[in-house]
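Structure first, then comments.
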Amino acid sequence: MRAIWKGHIQFSLVTIPVRIYNAIDTGQTISFNLLSKEGHNPVSYEKKDKVTGQTLKTEDIIKGYQYEPGQYVIIDQEDFDKVKLKSEKVIEIEGFVDSSEVHPTLYETPYYIGPDGDVAAKTYGLLSQTLKETGRIAVGKVVLRDRETPVLLSPMDGGMVMYRLRFPNEVRSMREVPQLLEVKADKEQLKLAKTLVDSMTTKFANIEMKDHYYEALKNIIDAKVAGKEIVTLTEEIPKVVDIMTALKASIDAAKKPMEKAKGETAKKAKAEKEKPAKTAKRKAS
């Protein structure tokens with residue numbers, strides 16, 4: 001695993017040398033090359049001036065900030081170099097908070113954080129253990145990919161994970177979602193819905209987290225490469241039915257596996273109870 005950033009965690013007077021690693025495996029995605037329809041030749045992304053149509057070289061392209069429609073101010077590398085922030089090389093911790101205070105909509109990309117060297121490992125381990133035992137998370141800021149961003153540090157499996165956070169003002173209000181109505185649910189419907197939720201309650205680890213679209217698409221690509229016939233996979237679109245009918249049917253469907261499991265458990269328990277009796281009879285004979 002290759003580090004993408006090297007610097008320090010700093011809170012109060014404590015400084016820990018660390019390295020940051022991508023936690024997401026980007027290899028689990030399928031990317032495509034653009035091809036011409038006729039000759040199936042690769043198509044490149046052409047850097048052309050949208051007005052003149054002239055093809056540009058990399059050195060002919062600059063960055064501009066549009067402050068009014070059609071009006072730009074040019075920003076060059078010297079301007080970027082003038083912005084020197086402490087957080088370019090330091091994950092500056094602003095404070096420690098309860099995880100429940102950070103709304104899930106603020107979480108963005110996860111990264112793994114590891115100690116940079118044997119000396120740093122002890123202090124790193126101390127911070128990780130402290131966060132775990134206090135139930136706190138560290139919130140701070142760092143510059144990643146030319147942008148200062150708020151981050152969150154949390155203990156995980158003996159180490160620490162860092163999440164990039166969105167700024168609260170970047171997240172839209174739920175009230176902006178159209179057709180949200182404050183409707184009081186029917187008592188009978190609510191009772192059935194709660195029963196269904198209870199019957200489906202399980203551990204997160206028991207729920208299959210698998211990209212079926214990736215698998216199906218990969219099979220099609222492999223079949224094409226091998227020159228095999230393509231099999232179309234189409235999932236049936238569920239029909240919208242009356243809510244009460246749907247809830248009752250769902251509860252019945254959820255009960256069947258549970259009843260089966262209970263029956264099997266009862267059989268095993270009965271068999272275990274009968275074992276001593278059978279053994280005693282054999283000895284007596």
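Here Ile20 contributes atom CD1 and Ile4 contributes atom CD1; the two are 6.5 Å apart, rounded to the nearest 0.5 Å. Taken to the nearest 0.5 Å, the CG atom of Leu131 stands 10.5 Å off from the CD atom of Glu133. In this structure, the separation between CZ on Arg166 and CD on Glu108 is 4.5 Å, given to the nearest 0.5 Å. Separating the OG atom in Ser99 from the CZ atom in Arg136 is a distance of 9.0 Å, to the nearest 0.5 Å. A distance of 8.0 Å separates OG1 in Thr134 from CZ in Phe96, rounded to the nearest 0.5 Å. Rounding to the nearest 0.5 Å gives a distance of 12.0 Å between CG of Asn206 and OG1 of Thr201.
With sequence neighbours excluded, no residue forms a ring-ring contact (aromatic ring centres under 6.0 Å, His included) with Tyr124. Under the salt bridge (charged side-chain N to carboxylate O under 4.0 Å, His left out) criterion, Arg19 pairs with Asp116, not counting sequence neighbours.
Proximity of a side-chain donor or acceptor of Thr149 to a complementary backbone N or O of Arg164 within less than 3.5 Å is not detected. Side chain of Arg175 to backbone of Ser173: no donor-acceptor contact under 3.5 angstrom is found.
Checked against the 6.0 Å centroid threshold, Tyr112 and Tyr21 do not count as a close aromatic pair.
A side-chain contact (heavy atoms from CB on, under 4.5 Å) with Leu152 is found for exactly one of Val97, Leu106, Val102, namely Val102. Screening Val151, Thr109, Val18 for a side-chain contact (heavy atoms from CB on, under 4.5 Å) with Met162, the sole residue that qualifies is Val151.
In this structure, Pro155 and Ser128 approach most closely via the heavy-atom pair CB-O, 3.6 Å.
Dense packing is recorded around CG of Asp98, with more than 12 heavy atoms of other residues, nucleotides or ligands lying under 6.0 Å away.
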